[in-house]
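Heads up, the thing below is written out as structure tokens.
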Amino acid sequence: MRDQRGSALVVALMVTTVMLSVGIAVATTIDTQQRASGRTRAGESSFQLAESALQAGLQRLVSRWPMPATPAYPVRCDPGARSADCPTTASLRALFTGPDFADGRATWSVAVRDDGAAPGDQYWSEDMLAAQPSYDADNDGRLWVRATSLVRGRPRTVVALAARPPVEPGLPPHKTLVAGSFATTNNGNKAIVLNGDAGEVVVRCGSGTVAAPAVPPKDGCAEYEGGNKEQVSPERVSSQRDFPPGMTPDRIEMARAQARSEGSYVATCPGSLQTVPNGLLFIEDAGPGCSLLAPGPAAAPGMVVAMRGRLRLGGNETFRGLIYHANADDSADVVVDLGGTSGVVGGILVDGAGAVFVGSSKDNLVFAEDAGQAFRPAGDAAIVQGSFREVAAR
């Protein structure tokens, strides 16, 4: 008890030193692993944000595919962008509520670029494609979407080639006139409706069922002068009660999307066809009497789609193309009126019981096989298989 040599103290100090060394080493390892885990988590969060931004950009392409004749996309979309073609920060932030996004400093950007010439249509090259325009310049239905993100100092960049598969163009059936009924107001000997070699007039009223019997003139369904007066020439007029609508709901939506993409979508009567002689004009509600001034003969057929209201083609000009009226209100009144000396070279399709007044002048309605070719629908934009990849962030 009185021994003062202190050998136990030396041992205790050595043990304590060893324990401290081990503890410090363990603490350092834990800290390193936590930091690495945090960087990995931030990197994964950044990758998820970039991928979501890319998908959001792809959804914008579904709603409006930028073409050479339409406004290009912004060169760059980011949280400060105000274009309707850009994803919104609010929509992206709603998907990410973890700790890496709590400070609100996470950022993103999206860019759309044309695929250009080969090999740009096969793989992404920053140097080659970054200078490409932000629309489908070569009109091949393929665009690159590039998205970048930055979360807690961890940048990530992903790219994917978006393709818009084409849908069969045009609008069948190819008929001169399809409506609930039609009428002329001229008793003279003149051809008002010209069917040509392949055209036909179809009405849904009358006694027609499967056999589609001929409809005699002046029976209430087909008010025209027949026989030797030949106001419908050749006189091919049939009744088919179950004749299908000109466009299914999904194709109507495609037409609406195409018009929006081409900048020719209107909610009410536009008053003129001057701006879309070769394109597609979509009218949601033409109102009780929408008088459209025809643009005159065009090099390529145009198309007018109306959901509701009454269309009247006025003036002395001729519209080359197709007039389609969806007759969403299921009206039995006249919904398409070729008044005055105006004319249509192409065709008129009206759904349901809607009636058509084809006018009283000569050659008011002339059949053309290519009447519906202005309708150029396309399928939803989708990522080309194998094109999604991560590239070095810049």
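Predicted model only: the values in this text are computed from it and were never measured. These values consider heavy atoms only, across backbone and side chains, with no hydrogens, waters or symmetry-generated copies. Numbering starts at 1 and runs along the sequence shown.
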Partner residues of Arg156 under the salt bridge (Lys or Arg N to Asp or Glu O under 4.0 Å) criterion, sequence neighbours left out: Glu390
For Ala355, does its backbone N or O pair with a side-chain atom of Ser181 as donor and acceptor, under 3.5 Å? no
Evaluate the side chain to side chain contact (heavy atoms under 4.5 Å, CB included) criterion for residues Leu177 and Val356: first the C-alpha distance (whole Å), next the side-chain angles of each, then the deciding distance (0.1 Å), finally the verdict. CA-CA 9 Å; Leu177 171 64; Val356 174; 3.9 Å; yes
Hey, mind stepping through Val22 and Met19 against side chain to side chain contact (heavy atoms under 4.5 Å, CB included) and telling me if it holds? CA-CA 5 Å; Val22 172; Met19 293 177 63; 5.8 Å; no
Test of understanding: clusters of I, L, V, M, F, W, Y form through side-chain heavy atoms closer than 4.5 Å, transitively. Do Met247 and Met254 belong to the same one? yes
Under 3.5 Å: donor-acceptor pair, side chain of Asn364, backbone of Val344: no
I'd like to know if the side chain of Ser264 reaches the main chain of Leu280, judged simply by a donor and an acceptor atom lying under 3.5 Å from each other, with no hydrogens or angles considered. yes
Quick one: closest heavy-atom pair of Leu61 and Pro66, and the distance? CD2-CD, 3.7 Å
State, yes or no, whether a side-chain contact exists between Val350 and Tyr324 at a heavy-atom distance under 4.5 Å. no
Under the side chain to side chain contact (heavy atoms under 4.5 Å, CB included) test against Ile192, which residue among Val358, Val232, Leu338, Asp363 passes? Val358
Does either side chain, that of Ser125 or that of Asp127, offer a donor lying less than 3.5 Å from an acceptor on the other one? no
Closest heavy-atom contact between Val145 and Ala162? CG2-CB, 4.3 Å
Is any side-chain heavy atom of Val158 closer than 4.5 Å to one of Val391? no
Within 45° cone of Phe243 ring axis and under 6.0 Å: Arg204 NZ or CZ: no
Might you confirm whether atom CG of Asp197 has over 12 heavy atoms from other residues, nucleotides or ligands at distances under 6.0 Å? no
Backbone of Arg154 reached by a side-chain donor or acceptor of Ser46 within 3.5 Å: yes
Which pairs pass salt bridge (Lys or Arg N to Asp or Glu O under 4.0 Å) with one or both residues in residues 281-290, sequence neighbours excluded? Arg256-Glu284
Any donor-acceptor pair under 3.5 Å from Ser239 side chain to Cys205 backbone: yes
Non-neighbouring partners of Arg105 that pass salt bridge (Lys or Arg N to Asp or Glu O under 4.0 Å), sequence neighbours left out: none
Quick one: pull up CD in Glu44 and CD in Glu51 and give me the separation to the nearest 0.5 Å. 10.5 Å
Counting only N and O atoms by type, is there a donor-acceptor contact under 3.5 Å from the side chain of Arg113 to the main-chain atoms of Val75? yes
Measure the spacing between CE of Met303 and CD of Gln258 and express it to the nearest 0.5 Å. 8.0 Å
Heavy-atom side-chain contact between Val193 and Phe367 under 4.5 Å: no
Flag for Glu235-Tyr224: side-chain donor and acceptor within less than 3.5 Å: yes
Report yes or no: does His325 contribute a side-chain atom to a donor-acceptor pair with the main-chain N or O of Ile348 at less than 3.5 Å? no
Ignoring hydrogens, what is the shortest heavy-atom contact between Arg251 and Phe375? Give both atom names and the distance. NH2-CE2, 3.3 Å
One pair to check against side chain to side chain contact (heavy atoms under 4.5 Å, CB included): Val15 and Val18. What are the steps and the verdict? CA-CA 5 Å; Val15 171; Val18 171; 5.8 Å; no
Rounded to the nearest 0.5 angstrom, the CG-CG distance for Asn327 and Leu349 is 12.5 Å
Identify, with sequence neighbours excluded, every residue that meets salt bridge (Lys or Arg N to Asp or Glu O under 4.0 Å) alongside Asp329. Arg308
Assess the residue pair Glu230 and Lys190 against the criterion (salt bridge (charged side-chain N to carboxylate O under 4.0 Å, His left out)); give the C-alpha distance rounded to whole Å, side-chain angles, the decisive distance to 0.1 Å, and a yes or no. CA-CA 7 Å; Glu230 281 195 303; Lys190 61 173 66 177; over 6 Å; no
What residue pairs, at least two apart or across chains, pass side-chain hydrogen bond (donor to acceptor under 3.5 Å, both in side chains) with a residue in residues 11-27? none
Going hydrophobic residue to hydrophobic residue with side-chain gaps under 4.5 angstrom, can you get from Val178 over to Ile252? yes
Exercise: identify the closest heavy-atom pair between Asp85 and Ala72: OD2-O, 4.4 Å
Does some side-chain heavy atom of Val305 sit less than 4.5 Å from a side-chain heavy atom of Leu281? no
Exercise: identify the closest heavy-atom pair between Val304 and Leu292: CG1-CD1, 4.5 Å
Please test Phe357 against Phe182 for ring-ring contact (aromatic ring centres under 6.0 Å, His included), starting from the C-alpha separation and ending with a verdict. CA-CA 6 Å; Phe357 171 61; Phe182 80 99; over 10 Å; no
Side chain to side chain contact (heavy atoms under 4.5 Å, CB included) between Leu129 and Trp124: does it pass, once the steps are laid out? CA-CA 7 Å; Leu129 296 173; Trp124 172 267; 3.5 Å; yes
Ion pair present between Arg236 and Glu200, side-chain N to carboxylate O less than 4.0 angstrom? no
Can you tell if the side chain of Asp115 reaches within under 4.5 Å of the side chain of Asp138, non-hydrogen atoms only? yes
For the pair Asp78 (side chain) and Ser109 (backbone), establish whether a donor and an acceptor sit closer than 3.5 Å, ignoring hydrogens and angles. no
If Ile, Leu, Val, Met, Phe, Trp and Tyr residues are connected whenever their side-chain heavy atoms lie under 4.5 Å apart, and connections chain through other members, are Ile323 and Val345 in the same group? no
Rounded to the nearest 0.5 angstrom, the OG-CZ distance for Ser387 and Arg142 is 8.0 Å
What's the separation between atom OG in Ser45 and atom CZ in Phe101, rounded to the nearest 0.5 Å? 4.5 Å
Non-hydrogen side-chain atoms of Ile383 and Gln55 separated by less than 4.5 Å: yes
Sidechain-backbone polar pair: Asp114 side chain, Gln132 backbone, donor-acceptor under 3.5 Å: no
Heavy-atom pair of closest approach, residues Pro270 and Ile283: CD-CD1, 3.8 Å
Partners passing salt bridge (Lys or Arg N to Asp or Glu O under 4.0 Å) against Asp333 (at least two apart in sequence or in another chain): none
Rounded to the nearest 0.5 Å, what separation is found between the CG atom of Leu58 and the CG atom of Leu143? 10.0 Å
Are the charged groups of Arg41 and Asp100 less than 4.0 angstrom apart, N to O? yes
Are Leu311 and Val335 close enough that some pair of their side-chain heavy atoms sits under 4.5 Å apart? no
Check whether Leu322 and Met307 end up in the same hydrophobic cluster, where Ile, Leu, Val, Met, Phe, Trp and Tyr are linked by side-chain heavy atoms less than 4.5 Å apart. yes
Side chains of Leu92 and Trp108: closer than 4.5 Å at any heavy-atom pair? yes
Any chance the side chains of Thr148 and Thr157 put a donor and an acceptor closer than 3.5 Å? no
Would you tell me whether Trp65 and Asp136 have side-chain atoms, one donor and one acceptor, within less than 3.5 Å of each other? yes
